[in-house]
K.L.:
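Shown below is the structure under consideration.
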Protein chains: 2
Amino acid sequence: MKVKEVADLVGISVRTLHHYDAIGLLVPDHTTEAGYRVYSPANLERLQQILFFRELGFPLKDIQAIVTRPTFDRLKALEQHQQMLRAKRHHLDELLQTVARTIQHAKGEIEMSTAEQFKGFDFSHNPYEQEARQRWGDEVVDASNAKLKAVTEQGKMQALQDEMNALYRDLAAVRHSDPASEAAQAAIGRWYLLLQRMGNYSLDAFKGLGQMYVDDVRFTQNIDQFGEGLAVFMRDAMAVYADHHSS
Amino acid sequence: MKVKEVADLVGISVRTLHHYDAIGLLVPDHTTEAGYRVYSPANLERLQQILFFRELGFPLKDIQAIVTRPTFDRLKALEQHQQMLRAKRHHLDELLQTVARTIQHAKGEIEMSTAEQFKGFDFSHNPYEQEARQRWGDEVVDASNAKLKAVTEQGKMQALQDEMNALYRDLAAVRHSDPASEAAQAAIGRWYLLLQRMGNYSLDAFKGLGQMYVDDVRFTQNIDQFGEGLAVFMRDAMAVYADHHSS
DNA sequence: GCTTGACTCTGACGTTACGTAATAGCTCAC
DNA sequence: GTGAGCTATTACGTAACGTCAGAGTCAAGC
């Protein structure tokens, strides 16, 4: 299939396809002698994934990092899309409630607080992240995302960021070893202590956090920057650490 | 309320509020001596409307034209938001179906066509416009939107565009008169003939189209560029014209 | 009164994801 | 062969903020 056929079928522009090719996000199967792009069924499958991620608000750069990873699991991603789309629909239901109540309010039928007027407008977080933030707090999530916000004391935050990055690198260096090994456990112990500095977390929570690193593509992507498969390794090492220290 | 309070309550950034003030979309009630923006409850009500339109994909420029119009009807707009949000949810349901079927397909449980893979991804039109296009065709809708696409024969399209604009101006000039007046009916007759050049439309359809000019803020906005209240006037004149010529 | 953290402002550059347009080559049915 | 439709690359422009710098304001606490 060539560009117009794909564009018409899918409902996107030819320009979008050019752009995606140019940034390496969706490279056509091959090109004709004339230089025409030819897309394969596999290309279309990739495009579907891209569009799901796009629909869910992921930046193209992030999408590219995710879908081009050798360990990218299409089925798992689809299941995650499903969950995120359900969350999106839940938010849309909230918006519908808000508009219905606003209509009633405008007709003088009910009272409505200012906060209620804006219920449902924030779509900025995916469900995993929301859950994680509720369970562990913003700082732990941001730490895992390696995206600490410049809150106050920039120097202090920078030092913490550097410390985290160093720890990620140490962990990446041993990620091909046994998660239960002495080196792995020493490094993951330091990770646990670092998180403890942000709050008191149970070992169960620590173990659950590790699982979330793997379950959510955003966490995975951010962590795997330091080395392919690091998120999986950390999950395993964190589980071992938690089990070992709870007995 | 000042910027941070509003931003936190609503879930948008302070920068957004600055931006909206700068472009005149949401100008705060007043400013303190220090120059701090102070937002009133009426400001927040306007903000809600803005966010609904934004949520539905309207460009800010369009939103501004709509909400700042003296004839802006908040209740009608809310009802329209509701309808459009319902349509959006319907599309989201389609996406959920698509992802569910894709999961089944990935597991080898069902067959799935390429087209099915992309069902639900196009959110680019509001429901009124979709309905109008189905009933009257693209050309009529674009003509009413005064946004003719450069399809072929650029010169020919330009001439048509000029003709349309002239007709809009004629209609705007008589919009304060009785829609049944001779001048109004002459002008609206020319509009009907212009549309007939694009296809055969019944008088009922013509009458319905006029109603749609008023029901959909996009149509209204585009038409009222030529004069405040022109869309309403055209609807009335079109109804008179249709009734008169069907008997 | 002074200090300090939080809040506020303006100005301005940068980012993202294309849309639009120009120019020119390619394809294929008539 | 012709011409309409399709294709390519190049490149500028746009919308809607995000980010940052530098400086002023506010109010609680000392």
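In what follows, every chain begins at residue 1, and chains take the letters A, B, ... in the order their sequences are listed. All values below come from the heavy atoms of this structure, side chains included, with hydrogens, waters and symmetry mates left out.
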K.L.:
Using only heavy-atom distances, determine whether the side chains of Glu55(A) and His81(A) contain a donor-acceptor pair under 3.5 Å.
P.N.:
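Not at all, the side chains of Glu55(A) and His81(A) share no donor-acceptor pair under 3.5 Å.
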
K.L.:
Provide, to the nearest angstrom, the distance between the CD atom belonging to Glu33(A) and the P atom belonging to dT7(D).
P.N.:
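Distance check: Glu33(A) CD to dT7(D) P gives 17 Å.
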
K.L.:
Will you find, in the side chains of Gln48(B) and Thr102(A), an N or O donor that is under 3.5 Å from an N or O acceptor?
P.N.:
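Their side chains do contain a donor-acceptor pair, which is all the 3.5 Å distance test asks for.
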
K.L.:
Are the side chain of Thr98(A) and the backbone of Lys119(A) linked by a donor-acceptor contact shorter than 3.5 Å?
P.N.:
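Yes.
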
K.L.:
List for me each residue that meets salt bridge (charged side-chain N to carboxylate O under 4.0 Å, His left out) alongside Arg54(B), sequence neighbours excluded, and say none if there are none.
P.N.:
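Not a single residue meets the salt bridge (charged side-chain N to carboxylate O under 4.0 Å, His left out) criterion with Arg54(B).
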
K.L.:
Going by the rule side-chain contact (heavy atoms from CB on, under 4.5 Å), which residues pair with Ala100(A) if we only count those two or more places apart in sequence or in a different chain?
P.N.:
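Residues passing side-chain contact (heavy atoms from CB on, under 4.5 Å) with Ala100(A): Gln82(B).
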
K.L.:
When you check every protein heavy atom under 4.0 Å of nucleotides 9-19 of chain C, what one-letter string (B, S, -) results, 5' to 3'?
P.N.:
SB-B----SBB

K.L.:
Using atom CG of Leu51(B) as one end and atom C1' of dA16(D) as the other, report the distance to the nearest whole Å.
P.N.:
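In whole Å, dA16(D) C1' and Leu51(B) CG are 14 Å from each other.
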
K.L.:
Nearest-Å distance, CD1 (Ile63(B)) to C1' (dA16(D))?
P.N.:
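After rounding, the gap between these two atoms is 11 Å.
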
K.L.:
Roughly how many Å is it from CE in Met1(A) to C1' in dT7(D), rounded to a whole number?
P.N.:
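From Met1(A) CE to dT7(D) C1': 16 Å.
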
K.L.:
If I take atom CD in residue Glu5(A) and atom P in nucleotide dC6(D), what distance separates them, rounded to the nearest angstrom?
P.N.:
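After rounding, the gap between these two atoms is 11 Å.
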
K.L.:
Tyr213(A) vs Trp191(A) aromatic rings, parallel, tilted or perpendicular, using cut-offs 30° and 60°?
P.N.:
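Geometry flag for Trp191(A) against Tyr213(A): perpendicular rings.
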
